[in-house]
Amino acid sequence: MERFAVAFTGPSGSGKTTLVEKLAKILIKEREVAIIKHDPKDKAVFDKRGKDSYRYSQIGAEVVVASSTRTTYFSKRNKDLDEIISMFNNFDILLVEGLKTLPLPRIAIFRNTIEESYLDCSEAIAIDDTINVEEYTLPSHIDVLDLNNTAQIIEWIDKNSKRV
């Protein structure tokens with residue numbers, strides 16, 4: 001099975017989650033989709049205080065909660081990309097939100113302004129009409145995509161995603 005990955009990055013509030021959600025809804029119609037979301041501020045909550053899985057995860061143990069409809073994995077240990085990928089059995093395309101240091105083709109998402117610090121780790125930018133790209137000097141290797149054109153972004157993903 002061929003499996004591919006692409007990453008999305010950008011400042012808080014730029015629309016990364018919204019774009020990944022839109023793309024996943026389209027891609028999942030024809031492909032197996034997996035998503036990794038970075039939590040840089042370590043604030044995601046996966047269970048409620050007092051529940052068994054919360055109590056177990058607070059110990060620091062690796063915890064799996066299994067039901068007839070889902071399996072949830074709680075870990076208190078940092079994992080590298082290969083370890084994370086190995087947790088997914090089947091996928092055709094992996095969408096990664098954040099994790100700028102991973103060696104994946106990357107689309108940076110911007111609204112209102114382009115933060116140039118993201119350009120060094122990106123191969124493309126996705127912008128909307130709040131940005132006049134002519135006001136910026138972009139590196140020649142950066143593709144400019146329409147943030148609201150999911151078909152164009154999926155075409156870029158199909159051409160540029162990395163086999164993993």
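Counting from 1, the numbers follow the sequence of the chain as shown.
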Point-to-point distance, once rounded to the nearest 0.5 Å, from [atom1] of [X] to [atom2] of [Y]:
X    : Y    : atom1 : atom2 : answer
T137 : I142 : OG1   : CD1   : 12.5 Å
I36  : L102 : CD1   : CG    : 7.5 Å
F8   : K37  : CZ    : NZ    : 13.0 Å
R3   : F91  : CZ    : CZ    : 4.0 Å

Problem set entry | Residues which pass side-chain contact (heavy atoms from CB on, under 4.5 Å) with T113, listed by chain and number, not counting sequence neighbours |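 Listed in chain order: Y136.
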For this session: Apply side-chain contact (heavy atoms from CB on, under 4.5 Å) to V144 and list each qualifying residue two or more places apart in sequence or on a separate chain.
Result: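 Testing V144 for side-chain contact (heavy atoms from CB on, under 4.5 Å), a comparison that skips the adjacent residues, returns I125, I127, V133, L138.
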Exercise. Any sub-3.5 Å donor-acceptor pair from K16's side-chain atoms to T9's backbone N or O?
Worked result: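 Side chain of K16 to backbone of T9: no pair is present.
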Exercise. With distance as the sole test, does T130 use its side chain to make a donor-acceptor pair with the main-chain N or O of N112 at under 3.5 Å?
Worked result: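 Yes; at least one donor-acceptor contact below 3.5 Å.
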Problem set entry | Residue pairs involving residues 103-125 (criterion salt bridge (charged side-chain N to carboxylate O under 4.0 Å, His left out); sequence neighbours excluded) |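 Qualifying pairs: R111-D128.
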For this session: Before giving the answer on side chain to side chain contact (heavy atoms under 4.5 Å, CB included), spell out for D92 and V33 the whole-Å C-alpha distance, their side-chain angles and the decisive distance to 0.1 Å.
Result: CA-CA 6 Å; D92 300 312; V33 177; over 6 Å; no
N/O donor-acceptor pairs under 3.5 Å from side chains in residues 17-30, not counting sequence neighbours:
from	atom 1	to	atom 2	distance (Å)
T17	OG1	E97	OE1	3.0
T17	OG1	E97	OE2	2.9

Between [X] and [Y], what is the shortest heavy-atom contact and its length?
X    : Y    : answer
K162 : P103 : NZ-O, 3.0 Å
A124 : L145 : CB-CD1, 4.0 Å
V164 : A5   : CG1-CB, 3.8 Å
P139 : L119 : CD-CD1, 3.8 Å

Problem set entry | Contacts of type salt bridge (Lys or Arg N to Asp or Glu O under 4.0 Å), residue E134, not counting sequence neighbours |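 Salt bridge (Lys or Arg N to Asp or Glu O under 4.0 Å) list for E134, sorted by chain: empty.
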With a 4.5 Å cut-off on side-chain heavy-atom distances among I, L, V, M, F, W and Y, is there a chain of contacts connecting [X] to [Y]?
X    : Y    : result
F4   : I107 : yes
L104 : I84  : yes
I153 : I35  : yes
I93  : I109 : yes

For this session: Please report the C-alpha distance between E135 and N132 in whole Å, then the side-chain angles of each, then the deciding distance to 0.1 Å, and finally whether the side chain to side chain contact (heavy atoms under 4.5 Å, CB included) criterion is met.
Result: CA-CA 6 Å; E135 295 177 3; N132 179 359; 3.7 Å; yes
Problem set entry | All pairs passing side-chain hydrogen bond (donor to acceptor under 3.5 Å, both in side chains) where residues 141-152 contributes a residue, at least two apart |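 Listed once each, the pairs are D143-W156.
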